[in-house]
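In what follows, chains are A, B, ... by sequence order, proteins preceding strands, each numbered from 1.
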2 protein chains.
Amino acid sequence: MKPVTQDRPYSQTLSRLREAGLRPTRQRLALGRLLFDGGDRHVTAEALHEEAQAAGVSVSLATVYNTLHQFTEAHLLREVVVDSARTYFDTNVSDHHHFFLENAGSLMDIDGGKIAITGLPQAPEGTDVARVDVIVRLHGTPRPAE
Amino acid sequence: MKPVTQDRPYSQTLSRLREAGLRPTRQRLALGRLLFDGGDRHVTAEALHEEAQAAGVSVSLATVYNTLHQFTEAHLLREVVVDSARTYFDTNVSDHHHFFLENAGSLMDIDGGKIAITGLPQAPEGTDVARVDVIVRLHGTPRPAE
DNA sequence: TCTCATATTTAGAATTATTCTAAGGTGTTG
DNA sequence: CAACACCTTAGAATAATTCTAAATATGAGA
Ligand SMILES: [Mn+2]
Ligand SMILES: [Mn+2]
Ligand SMILES: [Zn+2]
Ligand SMILES: [Zn+2]
């Protein structure tokens, strides 16, 4: 009888990789589980790399970058541009927007269905709207009022 | 009788610098004129540096960066984050949003007064909204329909 | 199961935007 | 004009990301 390993197939990483035509390598499976198990996440390459190390998964930073980009091409992730210094990858690929806490560098989702934008001028001749991003930039309040 | 030089005081760069407490150096005056003469502009440090060279103004790239940041602190400029590879500086400091043509890397203003965003959830406890950015990402259409 | 072509990983070098350092030049004020 | 703080700048340093090219793993077929 097989022992119940700590395999957590919640994320169905394996089938996701298959559908995307990506070989289920040890690295991609491990990163996929870190990314897709549990809820929605916003990660940088560096942060995911450290998380992998901490989880005992040996993956190079180059592979983390490769994998994040491949997952993005496969629409398993999307990029969020909020900071010109680092790139965030988002496991939530549905239509949504973001709170960005500039101090902490952390992102929170805003459901796309809850927001409406009116009065947008039409896109210039010869262009198509690829996406509309709303970023609500937040600053921590120094002291909670007493 | 003084010749009519190509000084174009349209931008009132000198008085702007004075108000900001910045010494009107040759470099800051030249960059200020490039930025503020004529209409609203969206520039990268590199692009402004090249423009200065082309205009025969000798300024180092480090000074272009310093100046852009000082102008931003003085609210003569603002930063626009649309691309995680480069920082854009915007001479339009009024409330507005952007079209971003991803192919060309160019920005176009959308008047802030024309847009309304409804349904935004309130900012999390302990945070203040510093700004709301709307970015409409555009892709060029391959062929104009005939 | 073995083989082999192909996909993948990776260390380390390279690239690129931006920032830093520290030394010399400039604007302002008395 | 002197004095000093402010500025500019060349070049080095940083940091995120990409590239290179060599080693390794995967999977289809024998
Ligand atoms: Mn401010
Ligand atoms: Mn960078
Ligand atoms: Zn998100
Ligand atoms: Zn603008």
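For the OP1/OP2 pair of dT9(D) and a distance below 4.0 Å, the side-chain nitrogens and oxygens of Ser60(B) include at least one atom meeting the criterion. Taking 4.0 angstrom as the limit, Tyr65(A) places a side-chain polar atom (N or O) nearer than this to OP1 or OP2 of dT17(D). Phosphate proximity of dT8(D) to Arg28(B): present, with a side-chain N or O under 4.0 Å from OP1 or OP2. Within the structure, every side-chain polar atom (N or O) of Gln27(A) is placed at least 4.0 Å from both OP1 and OP2 of dA25(D). An OP1 or OP2 oxygen of dT8(C) is reached within less than 4.0 angstrom by no side-chain nitrogen or oxygen of Gln70(A). Dashed line: the shortest gap from a side-chain N or O of Arg26(B) to OP1 or OP2 of dT26(C) is not under 4.0 Å. In this model, the phosphate group of dT8(D) is approached by a side-chain N or O of Thr25(B) to a distance below 4.0 Å at OP1 or OP2.
Between Thr44(B) and Pro24(B), the residue anchored closer to the 5' end of DNA chain C is Thr44(B), taking for each the nucleotide with the nearest heavy atom. Closest-nucleotide positions on DNA chain D for Phe89(A) and Leu22(B) were compared, and the one nearer the 5' end corresponds to Leu22(B). The residue among Thr67(A) and Glu46(B) whose nearest nucleotide of DNA chain C lies closer to the 5′ end is Thr67(A).
With dT18(C), dG11(D), dT10(C) as the candidates, the nucleotide lying closest to the side chain of Ala62(B) is dG11(D).
When the P atom of dC6(D) is taken as reference, atom CD of Glu73(B) falls 14 Å away, rounded to whole Å. As a whole-Å value, the separation of His49(B) NE2 from dT16(C) C1' is 16 Å. The CG-P distance, from Leu68(A) to dT17(D), rounds to 10 Å in whole Å. Atoms CG (Asn66(A)) and P (dA25(D)) sit 17 Å apart, rounded to a whole Å. At whole-Å resolution of the value, CG in Leu29(B) and C1' in dG27(C) are 12 Å apart. When rounded to the nearest whole Å, the span between CG of Leu17(B) and C1' of dT26(C) equals 15 Å. Between the CD atom of Gln53(B) and the P atom of dT9(D) there is a distance of 10 Å, given to the nearest Å. Rounding to whole angstrom units, CZ of residue Arg86(B) and C1' of dT15(C) are separated by 13 Å.
Under a 3.5 Å cut-off, the side chain of Arg28(A) and the backbone N or O of Arg23(A) do form a donor-acceptor pair.
Thr87(B) OG1 to Asp90(B) CG: the interatomic distance, rounded to the nearest 0.5 Å, is 13.0 Å. Atoms CZ and NE2, on Phe100(B) and His42(B) in that order, are 11.0 Å from each other to the nearest 0.5 Å.
Residue Thr87(A) is in sugar-phosphate contact alone, with no base atom involved, counting any heavy-atom pair closer than 4.0 Å across all strands shown. Nucleic acid contact class of His69(B) (heavy atoms, under 4.0 Å, all strands): sugar-phosphate only. Nucleic acid contact for Ser58(B): sugar-phosphate only, since backbone atoms but no base atoms lie under 4.0 Å from a heavy atom of the residue.
A donor N or O paired with an acceptor N or O is found under 3.5 Å between the base of dT26(D) and the side-chain atoms of Arg23(A).
Considering all non-hydrogen atoms of both residues, Leu34(A) and Ala52(A) come closest at CD1-CA, 3.7 Å.
Residues Asp40(B) and His96(B) bring no donor and acceptor atom of their side chains to less than 3.5 Å of each other.
Aromatic rings from Tyr65(B) and His49(B) are positioned such that their centres are separated by 6.0 Å or more.
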